[in-house]
Enquirer: 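Quick one: the structure is below, and I'll ask about it shortly.
The figures here come from the full heavy-atom set of this structure, side chains too, leaving out hydrogens, waters and symmetry mates. Chain letters run A, B, ... following the sequence lines, proteins first, then strands; residues in each count from 1.
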2 protein chains.
Amino acid sequence: MAIHSSTRTDVNRSAILARLGAGGPASRADLARALTLSPALITQLVKDLITDGLVVELDQAPSNGGRPARMLGLAASAGRAVGVKVVADHVAFVEVGIDGQVVRSASTPFDATSSTFVSELVERIREFIGSGSDVNLLGLGVGVPGSVDSPGNGVVESAQLGWNGVELGDALRRAIGLPVIVENNVNALAVAERLFGLGRSHDDFLVVTIGTGIGAGIVVDGSVLRSASGGAGEIGHIPVADDGPRCTCGNDGCLESLISEAALVAQARSAGAIEPAAGIDALLAAADGGDEGALGIFREAGRLLGRTLAGIVHTIDPALVVVLGEGTSAWRHWSPGFEPAFRSHLLRHRRSIPVEVETWQDQSWAQGAAALVLATPFDAAGAGDQGRLIRARLAGQVATP
Amino acid sequence: MAIHSSTRTDVNRSAILARLGAGGPASRADLARALTLSPALITQLVKDLITDGLVVELDQAPSNGGRPARMLGLAASAGRAVGVKVVADHVAFVEVGIDGQVVRSASTPFDATSSTFVSELVERIREFIGSGSDVNLLGLGVGVPGSVDSPGNGVVESAQLGWNGVELGDALRRAIGLPVIVENNVNALAVAERLFGLGRSHDDFLVVTIGTGIGAGIVVDGSVLRSASGGAGEIGHIPVADDGPRCTCGNDGCLESLISEAALVAQARSAGAIEPAAGIDALLAAADGGDEGALGIFREAGRLLGRTLAGIVHTIDPALVVVLGEGTSAWRHWSPGFEPAFRSHLLRHRRSIPVEVETWQDQSWAQGAAALVLATPFDAAGAGDQGRLIRARLAGQVATP
DNA sequence: CGCTCTTAATTTAGGACTAAAGAAAGTTCA
DNA sequence: TGAACTTTCTTTAGTCCTAAATTAAGAGCG
């Protein structure tokens, strides 16, 4: 019932700005409908935002049969976000506008297992922020492989990084002086899909990543599912074989132990489909060249993924599946195994569910992280104190000449 | 942001009443905390509810070190709900108070495949309601096996009942003249668990039913997951065997095709563990008598259920699993297969997740249905127009002498 | 026994928001 | 070409709710 986390005015002002960013120019009537606020309130809020130099009136739209609408757009200075993606051996950065457009990006080496990894990360982040222009930064979004207690707090458990109870959020807040949102990197991708991608027109969809790891971001009723301890979406550890290979998690027969990039490479090496020192690029090249062993490895991976995703579709009933991650570069070889396995295990009325594979770039992970900041204006109570600070920074701006 | 479905006063009054029903007596300060409303507003609303005869002041609680609280309780006349559970061959009814306590119940034969099933159902419901006392009925909750487009609308797809696009909600509203909420019966059980059961202290948990069918109700952030078309939780159709038996849905190797009651009976007959005309009761008796074939069938069912639920726990990350349904009477035989399979396929930090098996009665399904009505005061926008009507009926009562 | 502290409940002033009415600016049609 | 209608935007009056201040009623302690 009550909104505690921000003043209501901050919530509304930041929602208007974020909506103009994510959705493009809109009229007052559009904003009232989209944000379910009365036209009277929108008029008041927009008047103040225009006075504060954050919103500008654009051309009039053609009439819809009545008074023509006056379109509104964002002023150029309306704030930016930085996204950081952390993996074991490097860190990627992007700086984006409120519309999600990438202004600049960078990537630097990094050792997540070093005993001074936090201060090294802080240094890298300071360098990236310091080399940007003097535009208002709303906050920092950080995506990590692993689970996070809550995005507004940011305590990380990550086997891949070797981190156990690392208070990353607090450390970065203290060192950088910006609001910081920390989230699992696949969940961050799902947030980005919801805001800027194919998920914009769906309240319920599934993001699946293939590549180094196998993971899922589950969007339900417009929000990413985190559940009890922030660990929803760990589909890589769904058991799919009773006596399958040993997984990095210690169990046997997890999906990931069979279809992660490392697993495919290991199978290919064992089968002689590639040289013992070759990697995934060689496997893809072999499959492209028609090698039956390589094709079979990808087909079987697709089959296992398809069957497993069919079960997930029955469990959570999404309207769309989006496939992302480094592994998508090989999707043409996964698909022959994936499609029949997936659709034949779906109930009849679900067999036409769309599965979309999007164009992947390494900076996509960092864009996902940045989206964590950009999404907070849409959730009045979301991300606790950090969310409130971000909304205040977005809503409280006054443009300087 | 804006609440459209009820006047705010109705939302708040009905929330206070429902909270006193579900949670028992509480002070004004307790209500303010539980409902996240200001103490000032609670004082105003409670004053009116006392004047209207719906709430009574009880004894003072012992002091917590400050001013002793004045406890509040429900007046006896504060409204009831009727729950109806429909299966292929009978209908079960309960009438419950706002606290969920069963006031009376009934069960009658019914033919879901009859061409006049709607009017037969209407007749049964009228008989049950007509034989009750003259207390204010807030609404009718109906649980069905199958999927429902939305609880406030109530269009049913059910293979088990042979219903396809049946506009049950509209038909019942027209004929009975009460607000009607229709939902999948396992989802209804999850609502009841959230309100009155083990789920009261959890925002994220999983309800699993074993018996005639295998289903799940998934509670996330305090609400039951429905997703895109209301079909979340159909875990019975998760594929668990590549070339398993043919399922009633037409696919092969679904979980349900291996561990539903009918599947267990078929396996037992094939194995000679029971007579060809015997049923589940004979299988349970044989297992209780130490028959190895019978024990093996239950153990294998438990193993498959355990492995599948481990996958679901990784996908949605619940804090608790509650097992319900007719099949729980045999849980002692499922458990030896279930427990090792379940826990060995969980990530290390999840291995201690509690799995609770609750006492089951056939009227539990109908209690779940009644809970659909009782839950609506807690969701300001929930169940559309039906929710608004229920809240208005609860909030708008004035007790007559 | 009286003072201080804590917690509960109430009152007050003011902010936030909406429903409804009205004004503005088009399109359509006779 | 002017009236009627539609859609957008603005203004007004009132409702709903909270933060803060105040009052009430206990426990604890010297």
Enquirer: Can you measure A:L35 atom CG to C:dA16 atom P for me and round it to whole angstrom units?
Expert: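 Those two atoms, CG and P, are 17 Å apart.
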
Enquirer: Output the rounded distance in Å from CG (B:D10) to C1' (D:dT15).
Expert: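 It works out to 14 Å between those atoms.
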
Enquirer: So does A:E57 pair up with A:R28, basic N to acidic O under 4.0 Å?
Expert: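 Yes, this pair counts.
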
Enquirer: In whole Å, what is the span from the CD atom of A:Q60 to the P atom of D:dT7?
Expert: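 So the CD-P distance, A:Q60 to D:dT7, works out to 17 Å.
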
Enquirer: Among residues two or more places apart or on two chains, list those pairs meeting side chain to side chain donor-acceptor pair (under 3.5 Å) that have a residue in residues 59-73 of chain B.
Expert: none

Enquirer: Does B:D317 use its side chain to pair, donor to acceptor, with the backbone of A:S229 at less than 3.5 Å?
Expert: yes

Enquirer: Measure the spacing between CG of A:L31 and CG of A:L37 and express it to the nearest 0.5 Å.
Expert: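 Rounded to the nearest 0.5 Å, the CG-CG separation comes to 9.0 Å.
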
Enquirer: Starting at atom CZ of B:R13, determine the distance to atom C1' of D:dC16, rounded to an integer number of angstrom.
Expert: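 After rounding, the gap between these two atoms is 15 Å.
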
Enquirer: Between CD1 of A:I42 and CG of A:N12, what distance do you get to the nearest 0.5 Å?
Expert: 7.0 Å

Enquirer: From the set D:dT8, C:dT18, C:dT10, return the single nucleotide nearest to any side-chain atom of A:L37.
Expert: C:dT18

Enquirer: Going from CG on B:L394 to CG on B:L389, what distance comes out if it is rounded to the nearest 0.5 angstrom?
Expert: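 It is 12.5 Å, given to the nearest 0.5 Å.
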
Enquirer: Grab the CG-C1' distance between A:D30 and D:dC9 for me, whole Å please.
Expert: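 The distance from CG of A:D30 to C1' of D:dC9 comes to 13 Å, rounded to the nearest Å.
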
Enquirer: In residues 16-26 of chain B, what residues come within less than 4.0 Å of DNA chain D, judged by heavy atoms?
Expert: none

Enquirer: Separation of B:L49 atom CG from C:dA9 atom P, in whole Å?
Expert: 15 Å

Enquirer: So A:R194 and A:D203, salt bridge (Lys or Arg N to Asp or Glu O under 4.0 Å) or not? Walk me through it.
Expert: CA-CA 8 Å; A:R194 170 64 176 160; A:D203 282 342; 3.0 Å; yes

Enquirer: Who pairs with A:D30 by side-chain contact (heavy atoms from CB on, under 4.5 Å), at least two apart in sequence or on another chain?
Expert: A:A26, A:S27, A:R33, A:M71

Enquirer: Distance check, rounded to the nearest 0.5 Å: B:I218 atom CD1 versus B:S223 atom OG?
Expert: 13.0 Å

Enquirer: Rounded to the nearest 0.5 Å, what's the gap from CG on B:L140 to CD1 on B:I181? Could you check?
Expert: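 Going from the CG atom of B:L140 to the CD1 atom of B:I181 covers 9.5 Å.
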
Enquirer: Out of C:dA9, D:dA25, C:dT27, which has the shortest distance to the side chain of B:S27?
Expert: C:dA9

Enquirer: With a 4.0 Å limit, can you tell me whether A:S63 has a side-chain N or O closer than that to the phosphate oxygens OP1/OP2 of C:dG26?
Expert: no

Enquirer: B:V373: which residues meet the side-chain contact (heavy atoms from CB on, under 4.5 Å) condition with it, sequence neighbours left out?
Expert: B:A81, B:L138, B:I390

Enquirer: Taking DNA chain D as the partner, which of residues 40-47 of chain B come within under 4.0 angstrom of it by heavy atom?
Expert: B:A40, B:L41

Enquirer: Roughly how many Å is it from CZ in B:R33 to P in C:dA9, rounded to a whole number?
Expert: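 Answer to the nearest Å: 9 Å.
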
Enquirer: Output the residues of residues 64-72 of chain B in contact with DNA chain D, where contact means a heavy atom of the residue under 4.0 Å from an atom of the strand; sort by number or write none.
Expert: B:G65, B:G66, B:R67, B:P68

Enquirer: To the nearest angstrom, how far is A:D48 atom CG from C:dC17 atom P?
Expert: 12 Å

